[in-house]
Amino acid sequence: MNINILYAALAPIVAILLGLLYIGIGRKIIARLQRRYGPPFYQQYIDTIKLLAKKTVSSHGVFFSLGPIMGLAGSMVTLLFIPFGSAAPLLSFHGDIILVMYLVVIAPLGMALGVGEGSNPNGSIGMARGLTLMLAYEVPFVLALFSVVLYTHTTSIAQIVQSQAGEWSLLKFHGFNWLTFALPISAIVADICLQGMLGEKPFDQVIAPHEIASGPMVEYGGKYLGMMVINHALHIYIETALFVDIFLGGGPVWFFIPATFSVFILSLIINGVLPRFRIGQALKFYWGVPLILAVIGIIYTMVVIK
Amino acid sequence: MSILNKFRGKSLWMLHYCTGCGAIEMPPVMTSRYDMERFGIIPMATPRQADILLITGYLAVKTLKRVIRTYEQMHSPKWVVGFGACTVNGGMYWDSYATIKKLELYLPVDLYIAGCMPRPEAIMDAFIELRKGISSGKYEGWKKYIENYDWYKKNQAKLFDVKKWSVNYE
Amino acid sequence: MNFTIGHLILVIVGAGIITAIVTKFNRLSGSITALLLSIGIAFVCFYPAFHILPISFTTGDYTFIFNLSTLSRFFLMLFSGMFPLVIMATVSTKPKAHYYFFFYLILASVIGTISSQDLLSFFFFFELMTLFSYLLVIYKKRAIKAGLVYILMGIIGGLSLLLGIFYVFWLSKDFRISVEILKGSYATLFLLSLPFLIKMAAMPVHIWAPDTYKESEDVYTAFLSGVLSKLGIYGLIFFWFTWGIYGLSAWGKVFDVPVTGYIIAWIGAITAFIGAVYALLSEDVKKLLAYSSISQLGYILVGFGIMSSLGWAGALYHTLTHTIFKTMLFIVVAGIIFRLNTTKLSEMGGLIKKMPVSFLTLLVGIIALAGVPPTMGFASKYLIYSALFEKKLFLLTAVVFAASTAAFLYAYRLIHNIFLGPLKTSLKNTKEAPLPFLIPSLILSLFLVMFGFFPGVPLEWINNILMSLGMKSIASTFTTISTSLGGFNGLLSSSIFISIFGIIFILYLILFPKAKWVNDKNTFTAGEVMHNTDLLTYSSHFYRFLEREFGLLIKLSVKKLYDNILGIFEWMFDVARKLLYHGNVNGYVWAIILVTLTFVISFLIGGLR
Amino acid sequence: MSDFITRLKNITGLNIHKEKLYQASLKVDKEKIRKTLLDLKKEGFLQFTTLTCIDWIEEKTFQLVYHLWHREEKLHLKVKIDIDRDAPIVETVSDIYIVAQTYEREVKEMFGVDFKGNKRLIPFILEDWNEIPPMRRDFNTREYVKDMYETEDRTEEIFKPRWKKYD
């Protein structure tokens, strides 16, 4: 238990460092996809430190300043309820997947309040789009989770991870306990939803720098933006860790970190070659094929467990 | 603060104010051919996030007001780069009634890139120069702007009503 | 101290008369009298040393029975607890004498309804409640048209209830429901459910709600939506539990859920979703809250329809949550309307600096509405989802989850359009809402947060109800709720959130230099000076892109369906009028003969049976 | 083409000169401009291309040129009027061709020609302009530039920008 608390205290720092590293390597990979040389992999750290080292702090109001703080706190608390693979369950025995689904929302909600007080219409449009995108991807995603709950008879993430546990060693590879193999359709649906959660193309309507001047971030600069970048890094870690915990069996640290990274890179590669949907199209997309696939996945699960 | 300056030099987020023909030289610099992202330079959408204000081309009095307002909205430390002959001395608009001739009278220009137009190689070279200068703390235009605020405002006031256009007077 | 329900009702009526008389002389002292008396009544209902005894009296061979079951007590406390808070909010609006009189009469009839154990007195008090409620709805002149729809739907519900009661009587020759006789009777089930579905504004019969909520007096709307609509779920549980889950299961099961319950759950889910969509597209703050109310009551129906102990616990928990946050939201909004004199969302904006307390309470309200953890909204959502997961109702889950995500959308729209964005130039001199609006909303938001930390406290209460209804209780402690699938610790998650927030906030205060405050004009507008900051407001048609996507849904509104039905009726009556009132004496004679013949034949058939 | 011009001449009684293959010009009196344009619009000149102004300072006149385009006959017709430079007032044609509203605003701003009846003669592109209209030939640009914008180097005292020169 004490070790667990230590892990919990360290988890946010590790997650921030990992998330920033993922973004940095991701930028390099995107650059290579576009036949560029690309920035160094540690570029994101430099950017973050630079932003935090900016000297001017201009704020539109109390909640404008509190928004990023609330976002960061929301992301960190979510993080603690997601196990770090099978290595450290952190607090995940004290809350289950439904709690996590709602804790994830705190960060955008806090951000939304700050953005709203920024009194810039671009930010408000960005938030309206972000919430709509959430409306779009949550429905298929919750159905994908539903099939997992059907299969494992639990909503606790730690127990879902345990149910996929095999013998983990470098020599012996027991990947076949993964829910990805048991529930392939649901895993695909969840991965499609992950694309929207991470806000990668074709679902980057929220940021859309060319349309709405980077949307929610339009009035944020300097240190606040630094906090938002950290929050984004945390967000990337949370979403990918959730996916790996549920569908790729968590696993020990040497598997967990590369797994989260490859899940992120997969969505980034898709991001690299696609243009952007209109927000209405994104809604139509998610409520079309992925939703039907999710329902098929559930029916498949019901057949499998019988 | 020299360590922080090293970080600042390696991460330059740029707001490009594209008037006139200078804008056409930017796409090759941004994209695969010259790839400025490898130096940590990426274009930004709003002044709040940017470090460099890049002015590519002539500035009419009318656009100068907006540029100054944009500059004042940026978070310091910040730098201004004048790009092309038009920002140096008016260039081909040397006798135009509407465009300004010397940008440094109104904004603290840290670096001029001369030429009509400067080639992408010139821009890259200038960015590297800027990067070195920022890392060593050589470029401090934003400090000068604060120190000599009245001097700059006096110059600006000759062209337009600064009270109406500056964010600091509201 | 012991007293009967009859005493309680009489005392409330008496309090209403006293208040009315005082208000006649002086509005302000009338309001204060009303407030004090209502606090007294709440005290009487809450204080554990006071025992409210059952009462029954017989006239002829009929016995009226009034008794408070565990379920009734829950609702009694809900109603009598909310009552003084709502009354408090009326103080600054200074209403007329009959306003308070009717308000007290509504409370009296509601208490009569929830305590009556026989059908006739239930019907009597239920109808009285509808009538007084109608009289309060039309307190404002603008609401007369909306009130017409309200009373019409009330009458339809009342008739349905009466018909159901007569049917029960025809079956059992008794005005009390007993399980054996009712088994297998769809008709009674339908007739005895319809009035409550109307009260809860479930989807096909919801048409009275948006306009009534929008037009009725602002504070009364809080009571109407937050409190009175809960009578629907009380009625449903009151009648349905008589059948028992096993009795209902006799009609067949879908996914381990009785068919009737499954249908109710689907009605609830569709109500929740469509209500949420209408809410996020509405341009009027009260209409938004009205549709939100419809949507939230849909969740209660979903929980109720699952017919498991988790589902009913979820329904009852959400009843409590919704009562608290919707009453609060309507009171806060009433305060804002009191200052602004407008209900249009596009005429508000940027009020956060002018009304900080209202903002904070509304913020807590929408967090509870969205069901996000530090408030008690999450616990009720959690129970409903657990119930859905447990019974493997995946399509329902999808619809309910879509609805609850849509709730984020309209909740954000509510807070954004009123409080965020640039301050409207016309609202420069707005002041904070008066104290009578703020105090009740602060008290209620305190409850929302407190029960968010200790989600087990209300659940213990609900467990008592479940056990009295013969169902399994939910495993819980003060801080945790656990189900067969999982569980959560409310105190842990909330306190960790608060502490991390605190740590970052302190770091922020230490490390960050003092922020330079910038005004609304100093925003990124591509260098332009916004001389009119109203142009920066993004509030009307906030989700325009969704309007395009949900276009079909909007076109297929239920109201149009009713209009079409009305049109058909008008046409029919027109034809009938032309046939009957043609001015020809022969025709009248024939008509009379025809009607007489019909009666005779029907009597003969009846006799033959 | 020539047929059309001849026909146009016959119908409207105007003195039209053919200049190039698809170009013709016509000079009318200042008072007749509205009537002429109305007639020409009836004949099929539906497109009002632009309105230009020439400052004949020696003759003390402004020449306004209305450029019209006939789509079917492919004829670019220039209708010219002369107005007095000292009292530059002419009647608007913005009710005949709605687009003329903007062109008239521009001419008003750049030359100071007033258009009677134009409902939207508000300032166009110049902001805070206090001098005589800048496109008039008696406006001395050089002098104005010399007054307004300093050209000598005097940033030495404050802050000297660095240079990147490429020859």
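A, B, ... follow the sequence lines: proteins, then strands. Residue 1 opens every chain.
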With a 4.5 angstrom heavy-atom cut-off, which part of B/I42 approaches chain A: side chain, backbone, both or neither? side chain
Has the side chain of A/D47 got a donor or acceptor atom that lies under 3.5 Å from a matching backbone atom of B/S11? no
Can you tell me if B/R8 uses its side chain to pair, donor with acceptor, with the backbone of A/A53 under 3.5 Å? yes
Tell me if a side-chain donor or acceptor on A/S214 pairs with a main-chain N or O of B/A45 at a distance below 3.5 Å. no
Measuring from atom OG1 of A/T56 to atom NZ of B/K78, what distance do you get when rounded to the nearest 0.5 angstrom? 6.0 Å
For A/R278, I'd like to know if atom CZ has over 12 heavy atoms of other residues, nucleotides or ligands within 6.0 Å. yes
Can you tell me how far CD1 of A/I46 sits from CZ of B/F7, rounded to the nearest 0.5 angstrom? 6.5 Å
Tell me which of these, A/S58, A/A31, A/P40, has more heavy-atom pairs under 4.5 Å with chain B than the rest. A/S58
Given a strict heavy-atom distance threshold of 4.5 Å, which part of A/Q43 is in contact with chain B: side chain, backbone, both, or neither? side chain
Would you call A/K50 and B/W13 a side-chain contact if the rule is heavy atoms closer than 4.5 Å? yes
What part of A/Y45 gets closer than 4.5 Å to chain B, counting heavy atoms only: side chain, backbone, both or neither? neither
Can you tell me if B/E37 uses its side chain to pair, donor with acceptor, with the backbone of A/R36 under 3.5 Å? no
Output yes when A/R35 and B/D35 qualify as a salt bridge under the 4.0 Å nitrogen-oxygen rule, no when they do not. no
Tell me, for A/I212 versus chain B, whether the close heavy atoms (under 4.5 Å) come from the side chain, the backbone, both or neither. neither
How long is the span from the CG atom in A/L51 to the CD atom in B/Q49, to the nearest 0.5 Å? 8.5 Å
Heavy-atom check, side chain of A/K55 versus side chain of B/S76, under 4.5 Å: yes
Of all the heavy-atom pairs spanning B/H75 and A/K54, show the shortest one and how long it is. O-NZ, 3.0 Å
Choice from B/K10, B/M36, B/M74, B/R38 maximising heavy atom contacts with chain A below 4.5 Å: B/R38
Is A/L225 in contact with chain B via its backbone, its side chain, both, or neither, using a 4.5 Å heavy-atom distance? side chain
